[in-house]
Every structure is written in structure tokens, then in C-alpha cells.
Amino acid sequence: MNLHEYQGKEILNSFGVEIQRGIVAETPEEAVEAAKKLTEETGTGWHVVKAQVHAGGRGKGGGVKLAKNLKEVEEIAGEIIGMNLVTPQTSEEGKKVNQVLITEDVYYPGDSEPEEYYMSVLLNRATGKNMIMYSTEGGMDIETVADETPHLIFNEEVDPALGLMPFQARRIAFNLGLSGKAFKQMTKFVTALYKAYTESDSSLFEINPVLKTSDDKIIAVDAKVTLDDNALFRHKDYAAMRDTREENPVEVEAREAGLSYVDLDGNVGCMVNGAGLAMATMDLIKQAGGEPANFLDVGGTADAERVEKAFNLILKDPSVKAILVNIFGGIVRCDRVAQGVVDAYKNMGNIDVPIIVRLQGTNADKAKELIDNSGLAVESAVEFQEAADKVHKVLS
Ligand code: GDP
Ligand code: MN
């Protein structure tokens with residue numbers, strides 16, 4: 001599950017990670033109130049107005065702007081709230097901005113120039129260790145740094161059983177070229193950041209930039225936090241941070257119905273029970289010359305109601321040219337699923353794409369009979385290859 005910057009920063013801060021402070025606002029009036037409050041709390045004169053959407057590169061798209069007085073806070077917030085923000089990481093239509101984060105300005109002048117670093121924490125599946133990836137080249141696209149100056153990206157692998165060792169935190173501060181107070185601040189920063197990563201059950205932190213201020217403080221100016229969905233049951237407060245406005249509406253509807261659905265780009269809708277069979281079915285569709293339009297696992301109880309819901313979800317995708325139902329009746333009886341398919345088809349009344357149904361397992365024969373005698377434009381298949389051939393036929 002992805003979070004907004006302000007939510008990510010909230011989590012970081014709860015583990016002692018220093019952050020650029022901010023208050024979220026939904027209207028220009030709230031933005032001004034937030035700015036006044038921040039001035040009281042931090043003494044900041046200038047503020048930054050930052051669009052809160054689930055996409056990076058907001059600065060480039062005009063979603064991060066500096067305001068030098070309260071009037072500018074109001075004006076800029078007015079421009080950004082409600083805009084469709086297009087960034088290198090969004091689609092062409094962009095993302096609607098519902099909220100802005102008003103922050104203190106942390107790039108104030110002082111004894112030295114502020115410096116921007118890059119830092120992320122993630123799991124390295126190849127080594128089975130956590131990894132802190134960091135670079136002196138912060139603030140910009142890390143992909144560009146990786147392409148053009150890969151030697152400026154460092155990795156610190158962390159054994160999850162040992163945690164981040166003090167010598168590792170010092171190595172990071174050293175490689176970033178720090179000394180004195182900033183060196184010490186950085187070791188504190190990465191230590192807290194690593195603790196936040198493990199204890200929040202996150203799967204990704206990306207802090208770009210981490211800022212060294214002109215008075216040698218180290219703070220997170222941005223925060224991309226991805227939480228592990230499978231651990232959300234342990235963090236009810238984080239689960240409540242979900243912003244469904246940022247998610248694919250069909251995926252949201254599927255999750256609420258207890259179905260695992262992932263939207264894909266292809267033309268063949270799939271309805272399958274079990275994740276393994278779903279993967280195999282997607283391979284089958286590709287072999288037959290199609291592309292899966294979705295991953296959909298209806299789960300163990302593929303009853304009429306769930307089947308109907310699943311059809312509903314699949315048909316919301318206009319690029320679907322055919323639907324392949326591939327269900328193994330182990331716990332659920334095939335004839336019940338077949339009845340479900342027939343009922344759903346009749347109930348919906350608007351299915352105008354060919355449907356190929358393969359039901360194997362308990363009462364498969366009865367199921368085939370049911371489908372074949374239904375008088376509907378539903379084709380049955382017994383073997384895997386037969387199903388593939390039928391998909392191929394309806395596509396060509
Ligand atoms: P992103 O573009 O979505 O990655 O958003 P960021 O939160 O990283 O902000 C983009 C850029 O805005 C940063 O790289 C900074 O250059 C700038 N910025 C962020 N906070 C401040 C601030 O407090 N003062 C000033 N002057 N610039 C800031
Ligand atoms: Mn950023």
C-alpha cells in the first residue's frame with residue numbers, strides 16, 4: 001500500500017527520524033492557517049506548498065512551489081488544489097490533487113549551502129537482506145544517476161537479524177562526504193530510518209532528497225513509503241491511511257468484495273480460482289496469442305455471487321474481447337460454479353463478449369452439460385489446450 005508524503009513523514013517522525021515539518025490542507029484557507037501555525041512552531045518565514053498525490057516528480061510537474069508570504073501560500077494552494085498534476089511518473093491525464101502539504105522552508109541560507117542526498121531502504125531478494133541505497137546525488141532522478149554516474153550510488157546491506165550496525169551508519173555518513181556535526185546527525189538519521197523501516201513493516205522507503213541544511217541538520221524533505229499489505233493487520237492505524245482516491249477504482253471494488261484483482265493491459269479477461277492457476281492461465285492466454293486483461297483470483301468459494309461480481313469487474317474494462325473462466329473444483333463443486341456462470345450471465349444481460357469456461361474437478365461432467373445446454377454464448381472446454389485453442393479462435 002502506498003502512502004502520501006505527509007503520511008510517510010508522520011510514520012518516519014514517530015520513529016525519531018527528523019523531517020521537514022508540515023501540515024496538510026484541503027483548501028487555500030486551511031493552507032494559510034497551516035502556514036501561520038508552522039511559523040509559530042518553527043519560525044519559518046517562507047513555506048513550500050506540495051501536492052499530495054501517489055506519484056513522484058511532482059516538482060517537475062509544478063506540484064511543489066515555494067511561497068514567500070501568506071498571500072502566495074493562498075494563491076499557490078488555490079492553483080495546486082484541484083489541479084490535474086502531470087509528472088514523469090503519472091499517466092498523460094495526470095492525477096487529481098485533493099490535498100496539499102504546507103511545509104516549513106528548510107533551504108534557508110546559513111554557514112554552508114544546503115545539500116541534497118538520495119536514500120532508500122528496501123529488501124534485496126537476491127541476498128535476503130535489507131539494503132540501504134544512497135547517493136550524494138539527491139534531489140534528481142535516481143534512474144538518471146544510475147545510468148550516467150553509477151559509481152555515485154552506494155549500497156549498504158543489512159542483515160535483518162543483526163540490524164544496522166553502528167559502523168555501517170558511520171560508513172554511510174563517511175561515503176556521503178560528511179564530517180563534524182553533520183556526520184553525527186547522519187548516523188542518527190540512518191539509524192532511526194532503518195528502525196522505522198523494519199518496525200513499520202514497510203517494503204520501500206525512498207527519501208529524495210535527504211537534506212543537509214545550512215546549519216548541518218539532516219532531515220527528510222520527501223518521503224515515499226510503501227507498506228507491506230500482508231502486515232497491515234498489525235498496524236490498524238496505518239491501514240486507515242489508505243486513500244482509495246489514489247487507487248484503481250476496479251481494484252478497490254474487488255478488494256472490498258474480497259477478490260484479488262490486478263488490472264493489466266491485455267484483451268482477455270481471466271476468472272480463476274487460486275493464484276497459481278491464475279498465473280498458469282495467464283501464460284496460456286499469451287500462448288494462445290492474447291494478452292491477459294487482468295489477474296483475478298476468485299478464491300476457494302467460487303459461488304454464483306462471487307462469479308457474478310467477478311464478471312462485473314472484468315467487464316468494466318473496455319479492452320476485454322473475451323473472457324476465460326478456468327476453475328478447478330476441489331472444494332467448490334464445478335456444477336455450482338457452472339450454475340453461477342449461467343446465472344450471472346442471465347442476470348447481467350449485457351455480456352457481449354465470448355466466454356470460454358473450463359471447469360475441472362468434482363462434478364466437471366455435470367458442469368459441462370449445464371454450460372452446453374444453457375443456450376448461452378458460453379463455450380465449454382475440458383482440457384487446458386482446448387481452452388487455449390478456443391481463446392485463439394475467438395480472438396482471430
Ligand atoms: P518530488 O518532486 O515529487 O520528488 O517532490 P520533493 O518533495 O522531492 O520536492 C521537490 C523539490 O522541491 C526538492 O528537490 C527541492 O528542490 C524543492 N524543495 C522541497 N522543499 C523545499 C524547501 O523547503 N525549500 C526550497 N527552497 N525548496 C524545496
Ligand atoms: Mn522527491
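Both ligands and their constituent atoms are indexed starting at 1 by order of listing.
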Study note, to complete from the structure: OH of Y118 to CD1 of I207, rounded to nearest 0.5 Å, is 9.0 Å
Revision key, fill the gap. Atom 12 (O) of ligand 1: closest protein heavy atom, distance to 0.1 Å, is V64 CG1, 3.5 Å
Point to revise | Pair Y194-Q168, side-chain donor/acceptor within less than 3.5 Å | key: no
Check your understanding: Heavy atoms only: which of E116, R58, Q89, Q20 is nearest to atom 3 (O) of ligand 1?
Key -> R58
**Study point:** For D105, the ligand 1 atoms whose distance to one of its heavy atoms is below 4.0 Å
**Key:** 22 (C), 23 (O), 24 (N), 25 (C), 26 (N)
Practice item. Quick one: look up the protein heavy atom nearest atom 4 (O) of ligand 1 and list residue, atom name and how far away it is. Key: D222 OD2, 3.1 Å
Check your understanding: What are the two closest non-hydrogen atoms of V342 and S374, and how far apart are they?
Key -> CG2-CB, 4.0 Å
Exercise for review: May I have the step-by-step check of salt bridge (charged side-chain N to carboxylate O under 4.0 Å, His left out) for E369 and K366, ending in yes or no?
Suggested key: CA-CA 5 Å; E369 239 178 76; K366 263 195 186 163; over 6 Å; no
Review point. With ILVMFWY side chains joined below 4.5 Å, transitively, what does F328's cluster contain besides itself?
Key: V268, V272, L277, L284, I285, L324, I356, F384, V391, V394, L395
Revision key, fill the gap. In this structure, atom 7 (O) of ligand 1 is nearest to the protein heavy atom K50 NZ, 2.7 Å
Check your understanding: Side chain, backbone, both or neither: which part of V106 comes within less than 4.0 Å of ligand 1 when only heavy atoms are counted?
Key -> both
Check your understanding: Looking only at non-hydrogen atoms, which of Y108, W46, Y107 approaches atom 17 (C) of ligand 1 most closely?
Key -> Y107
Exercise for review: Looking only at protein heavy atoms, identify the closest one to atom 19 (C) of ligand 1 and say how far it is in Å.
Suggested key: V221 CG1, 3.6 Å
Practice item. Give a yes-or-no answer on whether the side chains of Q20 and E104 include a donor-acceptor pair shorter than 3.5 Å. Key: no
**Study point:** Backbone N/O of H54 and side chain of E246: donor-acceptor pair under 3.5 Å
**Key:** yes
Review point. Considering only heavy atoms, does T103 approach ligand 1 within less than 4.0 Å through its side chain, its backbone, both, or neither?
Key: neither
Review point. Taking the Mn ion (ligand 2) as the center, what protein N, O or S atoms are found at less than 2.8 Å?
Key: N208 O, D222 OD2
Check your understanding: Looking at Y345 and I351, what are the two nearest heavy atoms and their distance?
Key -> OH-O, 3.7 Å
Check your understanding: Can you name the one residue among F174, Y134, Y117 that meets ring-ring contact (aromatic ring centres under 6.0 Å, His included) with F154?
Key -> Y134
**Study point:** Under 4.0 Å to a heavy atom of E104 - the qualifying atoms of ligand 1, by number
**Key:** 23 (O)
Check your understanding: Numbering the atoms of ligand 1 from 1, which are under 4.0 Å from a heavy atom of V48?
Key -> 21 (C), 22 (C), 23 (O), 24 (N)
Practice item. Taking salt bridge (charged side-chain N to carboxylate O under 4.0 Å, His left out) as the test, write out the residues that go with K286, two or more places apart. Key: E291
Point to revise | Residues that D263 engages under salt bridge (charged side-chain N to carboxylate O under 4.0 Å, His left out), provided they are two or more places apart | key: none
Point to revise | Heavy atom of the protein closest to atom 2 (O) of ligand 1 (residue, atom name, distance) | key: G59 N, 2.7 Å
Exercise for review: Indicate yes or no: does an N/O atom of G57 lie under 3.5 Å from an N/O atom of ligand 1?
Suggested key: yes
Review point. For the side chain of R306 and the backbone of G258, is there at least one donor-acceptor N/O pair under 3.5 Å apart?
Key: yes
